[in-house]
Amino acid sequence: MANGFLVKQSDRERRNRVPIGDFLIVGRTSESGYVLDDSSASRQHVEIRARGGVYYWRDLGSTNGTIVNERVQPEGRLNHGDHIRVGNTTLIFEQDEGPPKMTPSTYPTAPIETPEQDVSTAKIDVRENELLKAVYSVMNDVATNYDPCSLVDNILETTMRAIGAQRGAVLFAGGEADVLKPCPICSEVHVIKDGQLSRSDVAKIRISNTVARRVLDGGESILFQDTDINDDLAQASSILALKLRSIICVPLKGKLGTLGILYIDSDRPKQQYTQDHMLLSTAVGNTAGLAIENAQMHQQILDRQRMNQEIEFAGIIQDGFLFKKWPEPSPQFDVFGDTRPAKTVGGDFYDFIRLGQDRLGILIADVSGKGVPAALAMAQLLAEFRVRAMQELNPGAVLAALNETMAERSQRGMFCTMCYLTVDLASGRVTCANAGHHPVLRIRGKDIQEFSDASGPPVGILPGVVWRDQETTLARGEALLMYTDGIVEARGTVSRGLLKRSESIAEYGVESLRELLSRHHGATARAMVGAVIEDVNRHTRPGAPHDDCTLIALRYSG
């Protein structure tokens, strides 16, 4: 029998001839029988098979194609001296008559068996080698491949090649036991037929539903051969309709249960799968289930990290919307505000605006919910407010305009409590409108009073709402404090009992806020805000406030 070899064109002395045997795959990964150190070669680039003493090659869907004798072809017959270009590497096919020549390093160390024993042992060795390669390849992917789609393709390619199967597919389990679904990543079914990978719509996949259901229900592998007439599967309508001769179906088992099935069948009379083939497929299925599960979990981790990063960027952008350049205390007024989101982004916000030389506008608001949706609503409302505040004279009119915008665009019941006031620095007159927000606290020495109760619902609930303006006049040295519910609803925890169980303690409350302000009534606006935040943090230690905490203080100097 003629023996085939591959030798690199660069190896002029022909010292490293690689025997082909019955079957050899050339590529750049360790799964290939002949591994090339060539980045231009595909993982599994080209296969060469011997049939009746004649060698044939077939491209395995490589990226750059296989060039034989300077012609790009999908497959063909090899003749002695043919040049095969794989990536940037040129291989020469050589064919010798008789047994392969032995180099000193390859002399057998055991007695040579008879020719009959050599052939039989070679066939067993080749088959076992392919089976071991298949299992090793999938196990290697468990640790190295975190792309679910690529992983499924490799599972199919490796298994089908190892058992010489006609066609196969990987399908995933649905919510019900007998429902099969496509790949959750690409929404298509990964299929392979005669070595060619492709994707298909799940509705176009024709398999034996009887076999698939039995594997999903029982979690055990099934081998069907039409030669076994006593097998009850032989009478299954799906098998008869598809004229199937042999089937292997194994579950893809993960830690969380059966993820799906690896399904292989054949309608060729002479292609019967064996018990060895089923054992290999089962081993692959068990390993592949864990690999797919790991890949899906890895994808979820990446998605979560990407989302966290996007939220972090959103927090930076949101912080840029808020007013930061607080004016230094002047003979007329002193103002300062601060916000501490419970998460990276939040729904609390405030604004300070000069409406003229002697007129100020101060806004504080709290959008329902937390996170990105609240932050997006906050950005929209804040931008709208800065336009409306310059157009409308009265706070009630500004809230009404914002309400119409939010009521029209609001989704999923989102709303915003809001309090807006204007201060006339010449007279000390304060005009305020309150949409479902906490009243403003008026600080007159140690006397802390509430001013401007809510005269209507939060913004965004109902269109056409009118808010009433309420007025008062500040004396020199008096101050105002506006705050969100994260301040007064902040809860702490305390450990009690022998087991040190954590128990929630009372809310910080308005009374605690009043008491603190009475002690700091003469402080600057910045110092007053800082004292409240520190006291709230002390109340919630060792934890942190569960809601956004926002404050803005104004001291009127006249």
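Hydrogens, waters and symmetry mates play no part in the numbers below; they use all other heavy atoms, side chains included. Because the structure is predicted, anything quoted here is derived from the model rather than measured.
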Quick one: pull up [atom1] in [X] and [atom2] in [Y] and give me the separation to the nearest 0.5 Å.
{"X": "R468", "Y": "D453", "atom1": "CZ", "atom2": "CG", "value": "8.5 Å"}
{"X": "I264", "Y": "I207", "atom1": "CD1", "atom2": "CD1", "value": "12.0 Å"}
{"X": "M528", "Y": "D334", "atom1": "CE", "atom2": "CG", "value": "8.5 Å"}
{"X": "E478", "Y": "T473", "atom1": "CD", "atom2": "OG1", "value": "9.5 Å"}
{"X": "L252", "Y": "T287", "atom1": "CG", "atom2": "OG1", "value": "10.5 Å"}
{"X": "E404", "Y": "E384", "atom1": "CD", "atom2": "CD", "value": "11.0 Å"}

Indicate yes or no for a side-chain donor-acceptor contact from [X] to the backbone of [Y] under 3.5 Å, with no hydrogens or angles considered.
{"X": "N537", "Y": "I533", "value": "yes"}
{"X": "K253", "Y": "G219", "value": "yes"}
{"X": "S330", "Y": "Q332", "value": "yes"}
{"X": "R354", "Y": "Q357", "value": "yes"}
{"X": "N294", "Y": "M297", "value": "no"}
{"X": "D38", "Y": "N88", "value": "yes"}
{"X": "S368", "Y": "F415", "value": "yes"}
{"X": "E293", "Y": "K255", "value": "yes"}

Option passing side chain to side chain contact (heavy atoms under 4.5 Å, CB included) with L421 (candidates V440, D469, N434, T431):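 Among V440, D469, N434, T431, the one meeting side chain to side chain contact (heavy atoms under 4.5 Å, CB included) with L421 is V440.
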Side chain to side chain contact (heavy atoms under 4.5 Å, CB included) partner of H520, chosen from L517, T524, L516: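 Checked L517, T524, L516 against H520; only one passes side chain to side chain contact (heavy atoms under 4.5 Å, CB included): L516.
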Minimum heavy-atom distance between [X] and [Y], given as atom pair plus value:
{"X": "V86", "Y": "A41", "result": "CG1-CB, 3.9 Å"}
{"X": "L262", "Y": "S281", "result": "CD2-O, 4.3 Å"}
{"X": "P463", "Y": "N403", "result": "CA-ND2, 3.8 Å"}
{"X": "V250", "Y": "G285", "result": "CG2-CA, 4.3 Å"}
{"X": "C416", "Y": "A365", "result": "SG-CB, 3.7 Å"}
{"X": "I261", "Y": "A212", "result": "CD1-CB, 3.8 Å"}

pair [X]-[Y]: side-chain heavy atoms closer than 4.5 Å:
{"X": "S455", "Y": "Q470", "value": "yes"}
{"X": "F336", "Y": "P329", "value": "no"}
{"X": "R491", "Y": "T540", "value": "no"}
{"X": "L399", "Y": "R388", "value": "no"}
{"X": "L363", "Y": "C419", "value": "no"}
{"X": "H190", "Y": "C149", "value": "yes"}
{"X": "H45", "Y": "R28", "value": "no"}
{"X": "F451", "Y": "P439", "value": "no"}

Around [X], counting heavy atoms of other residues, nucleotides and ligands shown, do more than 12 lie under 6.0 Å from its [atom1]?
{"X": "Q391", "atom1": "CD", "result": "yes"}
{"X": "R206", "atom1": "CZ", "result": "no"}
{"X": "K324", "atom1": "NZ", "result": "yes"}

Full working for side-chain contact (heavy atoms from CB on, under 4.5 Å) between M482 and I362: CA-CA 9 Å; M482 305 167 76; I362 300 176; 3.6 Å; yes
Derivation of the salt bridge (Lys or Arg N to Asp or Glu O under 4.0 Å) call for D548 and R340: CA-CA 6 Å; D548 307 331; R340 304 293 176 90; over 6 Å; no
Between [X] and [Y], is there a side-chain N and carboxylate O pair less than 4.0 Å apart?
{"X": "E157", "Y": "K193", "result": "no"}
{"X": "E450", "Y": "R442", "result": "no"}
{"X": "K204", "Y": "D201", "result": "no"}

Steps toward side-chain contact (heavy atoms from CB on, under 4.5 Å) verdict (N154, R43): CA-CA 10 Å; N154 193 33; R43 296 177 63 200; 4.0 Å; yes
Non-neighbouring partners of E511 that pass side-chain contact (heavy atoms from CB on, under 4.5 Å), sequence neighbours left out: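 Result, side-chain contact (heavy atoms from CB on, under 4.5 Å) vs E511: R514.
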Geometric class of the W326/Y350 ring pair [parallel <30°, tilted 30-60°, perpendicular >60°]: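 Tilted, since the angle between the ring planes falls between 30° and 60°.
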Stepwise side-chain contact (heavy atoms from CB on, under 4.5 Å) check, F333 with V423: CA-CA 10 Å; F333 73 96; V423 182; over 6 Å; no
In a table with atom names and distances, give each donor-acceptor pair under 3.5 Å that connects a side chain of residues 549-558 to protein atoms at least two apart or in another chain.
| residue | atom | partner | partner atom | Å |
| --- | --- | --- | --- | --- |
| T550 | OG1 | T339 | OG1 | 2.7 |
| T550 | OG1 | D348 | OD2 | 2.9 |
| R555 | NE | A523 | O | 3.1 |
| R555 | NH1 | G477 | O | 2.5 |
| R555 | NH1 | H521 | O | 3.4 |
| R555 | NH2 | H521 | O | 2.4 |
| R555 | NH2 | A523 | O | 3.0 |
| Y556 | OH | L425 | O | 2.9 |
| Y556 | OH | G428 | N | 3.2 |

N394 side chain to E392 side chain, donor-acceptor N/O pair below 3.5 angstrom: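 The criterion, which ignores hydrogens and geometry beyond distance, is not satisfied for E392 and N394.
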Pair S150-D153, side-chain donor/acceptor within less than 3.5 Å: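 Side chains of S150 and D153: no pair found under 3.5 Å.
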Steps toward side-chain contact (heavy atoms from CB on, under 4.5 Å) verdict (L513, Y483): CA-CA 10 Å; L513 182 57; Y483 60 94; 3.9 Å; yes
Residue pairs passing the side-chain hydrogen bond (donor to acceptor under 3.5 Å, both in side chains) test where at least one lies in residues 414-428, sequence neighbours excluded: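 Pairs touching residues 414-428 that pass the test: T417-H437.
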Audit row: R214, D217, salt bridge (Lys or Arg N to Asp or Glu O under 4.0 Å) steps and yes/no: CA-CA 5 Å; R214 187 176 293 187; D217 291 342; over 6 Å; no
